[in-house]
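Letters A, B, ... are given to chains in the order of the sequence lines, protein chains preceding strands, and every chain is numbered from 1. These numbers come from a predicted model, not from an experiment.
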Amino acid sequence: MSSADGAGEQLAFIRETVRRARPRAARGLELAAELPVARVLVDKGVLSLDQYFDYAVPAAMAEEARPGVRVRVRFGARVGASGRREGGALHDGFLVERLAASDYPGPLAPLARVVSPEPVLTPALLRLCRAVADRYAGTLADVLQLAVPPRHARAEAVPSPAPLPSPPAPDPGGWSRYPQGPAFLASLASGHAPRAVWTALPGPGWPHEIARAVAAALAGGRGALVVLPDGRAVARVDAALTELLGPGRHAVLAAEAGPEDRYRSWLAVSRGSVRAVIGTRATVFAPVRDLGLLVVWSDGDGSHSDPNAPYPHVREVALLRAAEEGAGVLLGGLSTTVEAAQLLRTGWARPLAAERETVRALAPRVRTVTDLDQARDAAAQAARLPSVAWEAAREALTRGPVLIQVPRRGYLPRLSCGRCRTPARCRPCGGPLEAGAADTPPTCSWCGTAEPDWHCEECGSFRLRAQVVGARRTAEELGKAFPRVPVRTSGRDAVLADVPGTPALVIATPGAEPVADGGYAAALLLDGWALLTRPDLRAGEETLRRWLTAAALVRPASAGGAVVVVAEPTARPVQALVRWDPAGHAGIELDEREQLRFPPVSRMASVTGSPQAVTDLLNLVRLPEGADVLGPVPAPGGRGEELERALLRVAPGQGAALASALKAAQIARLALRTAEPVRIRIDPTDIG
DNA sequence: AGCACGCCGACT
DNA sequence: GTCGGCGTGCTC
């Protein structure tokens, strides 16, 4: 057996010492004269199969069966009742390596087919995927599925164009607004690997700054890669890059393009025809040659978390890749994550931030109001606008568009007391009440009990209010409040990229805010308290990120730009928004995590399953020294069958040991057929 | 995952 | 005596 993970060193040693002259293979098959053994990763996403298998290379495939190509192999063959070998089913795989001999004692099955001669799994990509699989206690096959797009024969048949020569180094442009900006570009252009956490200034500059950083890496004769959270951000950087460098210098890997276009772009990168690539999360794996720079924009955005096993996060993959390939890193955003703050604190990255004075000059004026300060105007009341917000919007609408950010519908359909805001709870079980369909009583989201005659335990009020009103209803109500002003909405299913600079109300859910030509005259950030009270470790950070994203689209204070945020003014994210200090906010959050020993100051994993299964796995796992086991406790959000969850916590340096211990325990349990499944998740997000 | 081998209870 | 239970191990 040739282990595909790091634990196979003894086997590697045996491989060195045992040298067979020729592999034994099926009789009568002529084998390749040179390196007749192919080590293959069989694409069968089963934990216990996370290892390589050796196959014989038929002479006819000697040329095409190069490392990195896709192959088909028979797998699972066995000796039948008649004593003859019966071929197993055909499986896809990647040829990882050609060898002179195999350490497998039995006869080798031949490769069934070389699917195409395109070497898609380069050694660097394989190393990265291996590292990601280990980091996340997943299988190599699962990670490869995320990293290598499905083959499209037509796209493969077309040759990619010859690469263009390196462009000249760009001038600093907007980077001159950051004291360390020009030096960062110069360092990239001269072939170094600077690592920075970039707190971007508000306004429309950041796509251009990203383009210049890419251009600097290209000027230094190296490649660059940019990962953005969504298609609109990709489009903005795409436009900025085309403007700076012209067409043909970069590839775009976004889901919007069909599979054929996507694979063609990916091939252009893989073949070295294009040296820069931008796109959404899978782009972090794009096989850019001689990588000089990795850019991750807005690493706090949830889209950077892959929803497929083993759930890698773009930022973490980028950090692994930077270490493997010696590339520079630009971790940028309007806001700062706790993870980024930690990279600064450990000295792994340097800050790339503007002076306070510059920030103040470019940020809008931010005011806070509590939503108890309701407007007297009836129309504003209907729209749930506090008077300050109402006045700000009315005044700003004479000068330009006004952005109104409302939480997504169904984001938090919880109910609270209409007078004192105490969350409404179910009397039998204490679970949160949710709004039912129209004209049906509220029901408990835990036990389903209907509460037709609820009253507040705190103040006795009988009025309930939905904590969140969706974008559509807000639009209707605001339309009435501001007659004759055009109302545009941008949300989940109809996202506007941009709006003109003329007066209009623009209602948007977080992440769907259109860019306004010339900037918004004002922005109202509603229902902040609903965002802030979510029981999530990242609630504060996430709320601030959403606010800053919207507020950054508003004109500077000097040009009359104003932001009104409806939230408790003493809350930490509110203060950070007023001072426009995301880095400071992240630093304080990091201090707190340090005290609580929460991630990223520690490394965590969760184990979820039936109480028995969780207990069994915990008994089986050989945790690294000093590991904490928290729980098990009933799993959050678990309904129906009872699920339990345990959290495991280790010091940051022991993350790899924790992942491999969990993987080993999972494999051991999988061998026991009776075992119920447990879900293992590294860096679980829904803690706290 | 499949799939076959192997060692202990109730049937012709 | 055997048919068959599913625990255990293997797949290049």
(request) Could you state the atom-to-atom distance from CG of A:L90 to P of C:dC12 in whole Å? (result) 12 Å
(message) Tell me the closest heavy-atom pair linking A:L140 and A:A133, and the distance in Å.
(response) N-CB, 3.9 Å
(request) For A:D54 and C:dC10, give me the distance from atom CG to atom C1', rounded to whole Å. (result) 16 Å
(message) Please report the distance, rounded to the nearest Å, between CZ in A:F53 and P in C:dT11.
(response) 8 Å
(message) If I take atom CG in residue A:L111 and atom P in nucleotide C:dC12, what distance separates them, rounded to the nearest angstrom?
(response) 13 Å
(request) Please identify each residue that fulfils side chain to side chain donor-acceptor pair (under 3.5 Å) with A:Q342, with sequence neighbours left out. (result) none
Identify each donor-acceptor pair in which a side-chain atom of residues 281-297 of chain A lies under 3.5 Å from a protein atom, sequence neighbours left out, and give them as a table.
unit_1	atom_1	unit_2	atom_2	d
A:R281	NH1	A:S303	O	3.0
A:T283	OG1	A:T280	N	3.3
A:T283	OG1	A:T280	O	2.7
A:R289	NE	A:S270	O	3.4
A:R289	NH2	A:S270	O	3.1
A:R289	NH2	A:R271	O	3.1

(request) Could you check how far CZ of A:R98 sits from C1' of C:dC12, rounded to whole Å? (result) 16 Å
(request) Return the value, rounded to whole Å, for the distance between atom CD of A:Q51 and atom C1' of C:dT11. (result) 8 Å
(message) Can you measure A:D43 atom CG to C:dT11 atom P for me and round it to whole angstrom units?
(response) 20 Å
(request) Would you please say whether a donor-acceptor pair under 3.5 Å links the side chains of A:S102 and A:D54? (result) yes
(request) Can you tell me the distance, in whole Å, between the NE2 atom of A:H91 and the P atom of B:dG2? (result) 9 Å
